[in-house]
Amino acid sequence: MDLELGDAHRELREVARAWVDKEVVPYAAAWDRAESVDTAIVRKLGDMGFLGIEIPEEHGGSGGDALSYCLLLEELGRGDSSVRGIVSVSLGLVGKSLEAYGSEQQKQDWLPRLCAGESLGCFGLTEPGTGSDAANLTTRAVRDGEDWVLTGTKMFITNGTWADIALIFARTGEPGPKGVTAFLVPTDAPGFGRTEIKGKLGLRGQATAEIVLDGVRVPDSARLGGEGQGFRIAMAALDKGRMGVAAGCVGVARACLEAAVRYAGEREQFGKPIASYQLVQELIADIAVEVEAARLLAWRVADLVDRGRPFGTEASVAKLFASEAAVKAANNAIQVFGGYGYIDEYPVSKYLRDARVLTLYEGTSQIQKLLIGRALTGVNAFV
């Protein structure tokens, strides 16, 4: 069941669904085993306009609104969360931050390339010692004449080894959030080092990296937004990013539902399909209910974004519910598959591995609860 979509949204969803079925689904298992998607997918995403949704056409984008973005990420999440992550970060966190806070020159320099899939972006916020406590990051940027010199380490950076531009958050002033500034750093700059992180539980096809900045020099024109505005830029990106993660989680849960329904109709035990057993139907029904609820929560955030209304708390609600629902959906699907769900001949074990990290990044489930609790009570549990 869906709310009524307009013609443009319905067409986008159908195009995205067909494209994912052709270009992503047949290769997802092989990419998972190889621990790398085929990087040619990036240019294909650009050619389809998928890397430019919500970016104005004058900056190389394909236009559209927040609901369009949710529809796309649901389909990408259904196909392969690693591919969804490429879009979520390069477009959702980097491209949209550039559009919102960049100078006209920065937009002209980078947005057409990012939207076309000619370049990728990565979002350099998390550090080895600061994940949830991002306001206390330790990477530093020191002013030197007309330049800034950046030194520090970033960890778990999606697209990190593939990106051409890194949105790096560094301390330029006092401790805490007011002392953080954002910089657009070309990844071929001298002193910019990156190492891919292998052996991940899930999202294995996605390039995840440790980035080391060893005296990387950038001009002041590389600064995104005002000095000391970096933390606000990062939090705004993550608020909107949580909407996208929620939509991607809907895609994972929907993939679990479709796989479980299909298998339950084919698999026979005790002389009849397992779909005829009440407890199997219960497992499937539970997935279906949470898919619908998670989708509507994500779409509610999109509606608020598109109407220019505050949406931060609603984004936390959607991200919390949808990410936990995706994990439960994958667990239920594995239960339907039984022993076959435990091997990668079937996709549901991958869905569980991919879903698990969605409760961790862009704000853990516990952080979302604190944000929701603060909004409801007016009491800040972070301090």
Side-chain angles (χ1 to χ4, degrees), residues 54 66-67 69-70 73-74 77 81 84-85 88-89 92-94 96-97 100-101 123-127 129-137 154-158 167 169 175-180 182 225 228-250 252-253 290 293-328 355-383:
E54 287 194 273
L67 180 56
Y69 185 65
C70 285
L73 290 199
E74 178 178 334
S81 286
R84 191 271 313 155
S88 290
V89 172
L93 297 183
V94 179
K96 293 179 185 179
S97 295
Y101 296 97
F123 189 78
L125 180 63
T126 300
E127 298 182 354
T130 55
S132 297
D133 189 18
N136 286 313
L137 57 82
K154 300 294 181 178
M155 182 60 77
F156 304 128
I157 306 303
T158 299
L167 179 50
F169 298 89
K178 294 182 180 179
V180 177
Q229 196 179 8
F231 188 76
R232 184 159 64 116
I233 292 172
M235 294 303 103
L238 292 176
D239 274 348
K240 206 168 185 182
R242 287 165 186 151
M243 173 191 72
V245 171
C249 290
V250 174
V252 175
E290 296 204 341
R295 179 183 289 122
L296 292 176
L297 286 172
W299 285 12
R300 178 176 69 160
V301 181
D303 176 65
L304 291 171
V305 170
D306 289 335
R307 290 191 290 123
R309 301 288 300 278
F311 62 89
T313 301
E314 290 80 5
S316 288
V317 170
K319 198 270 184 182
L320 171 63
F321 183 87
S323 61
E324 296 290 346
V327 174
K328 288 190 282 185
R356 189 61 185 85
V357 76
L358 300 173
T359 69
L360 301 177
Y361 69 13
E362 298 201 29
T364 66
S365 290
Q366 288 68 36
I367 290 293
Q368 304 313 317
K369 290 178 181 180
L370 293 182
L371 292 170
I372 296 164
R374 182 175 67 187
L376 293 173
T377 67
V379 178
N380 187 359
F382 290 95
V383 295

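Keep in mind that this is a model prediction, so the values were computed, not measured.
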Qualifying residues under salt bridge (Lys or Arg N to Asp or Glu O under 4.0 Å), relative to Glu54, sequence neighbours excluded: Lys96, Lys240
Does atom CZ of Arg300 have more than 12 heavy-atom neighbours, drawn from other residues, nucleotides or ligands, at distances under 6.0 Å? yes
Identify the heavy atoms of Val180 and Leu137 that sit nearest to each other, and give their distance. CG1-CD2, 4.1 Å
Gap between atom CG of Leu376 and atom CZ of Arg374 - 0.5 Å precision: 11.5 Å
Out of Leu371, Leu320, Val317, which residue meets the side chain to side chain contact (heavy atoms under 4.5 Å, CB included) rule with Arg242? Leu371
Any non-hydrogen side-chain atom of Leu167 less than 4.5 Å from a side-chain atom of Leu93? no
List for me each residue that meets side-chain hydrogen bond (donor to acceptor under 3.5 Å, both in side chains) alongside Gln368, sequence neighbours excluded, and say none if there are none. Ser316
Contact between Phe382 and Asp133 at the side-chain level, heavy atoms closer than 4.5 Å - yes or no? no
State the CG-CD distance between Leu238 and Glu362, to the nearest 0.5 angstrom. 5.5 Å
Shortest non-hydrogen contact between Ser323 and Thr359, atoms and distance: O-CG2, 3.8 Å
Mind checking the OH-OG1 spacing from Tyr361 to Thr126? Nearest 0.5 Å is all I need. 11.5 Å
Residues which pass salt bridge (Lys or Arg N to Asp or Glu O under 4.0 Å) with Lys328, listed by chain and number, not counting sequence neighbours: Glu290
Only counting residues at least two apart or in another chain, list the ones meeting side-chain hydrogen bond (donor to acceptor under 3.5 Å, both in side chains) with Ser97. none
Phe123: partners by ring pair (Phe, Tyr, Trp, His ring centres under 6.0 Å), with sequence neighbours left out: Phe169
Heavy-atom closest pair (Ala298 atom, Met243 atom, distance to 0.1 Å) is O-CG, 4.1 Å
List the atom of Ala326, the atom of Cys249, and the distance in Å for their closest heavy-atom pair. CB-O, 3.9 Å
Shortest non-hydrogen contact between Val245 and Lys319, atoms and distance: CG1-CE, 4.0 Å
Atom pair OG/CD of Ser132 and Gln366 - distance to nearest 0.5 Å: 8.5 Å
Could you go step by step and tell me if Arg295 and Glu74 meet the salt bridge (charged side-chain N to carboxylate O under 4.0 Å, His left out) rule? CA-CA 9 Å; Arg295 179 183 289 122; Glu74 178 178 334; 2.7 Å; yes
Tyr69 versus Gly244, closest heavy-atom pair with distance: CE2-CA, 4.0 Å
Atom CZ of residue position Phe321 - does it have more than 12 heavy atoms of other residues, nucleotides or ligands inside 6.0 Å? yes
Would you mind reporting whether Glu127 and Lys154 have side-chain heavy atoms less than 4.5 Å apart? yes
Between Arg84 and Leu358, is any pair of side-chain heavy atoms under 4.5 Å apart? yes
For Arg307, give me all partners under salt bridge (Lys or Arg N to Asp or Glu O under 4.0 Å), at least two apart in sequence or on another chain. Asp303
When rounded to the nearest 0.5 Å, the distance separating CG of Leu370 from CG of Asn380 is 8.5 Å
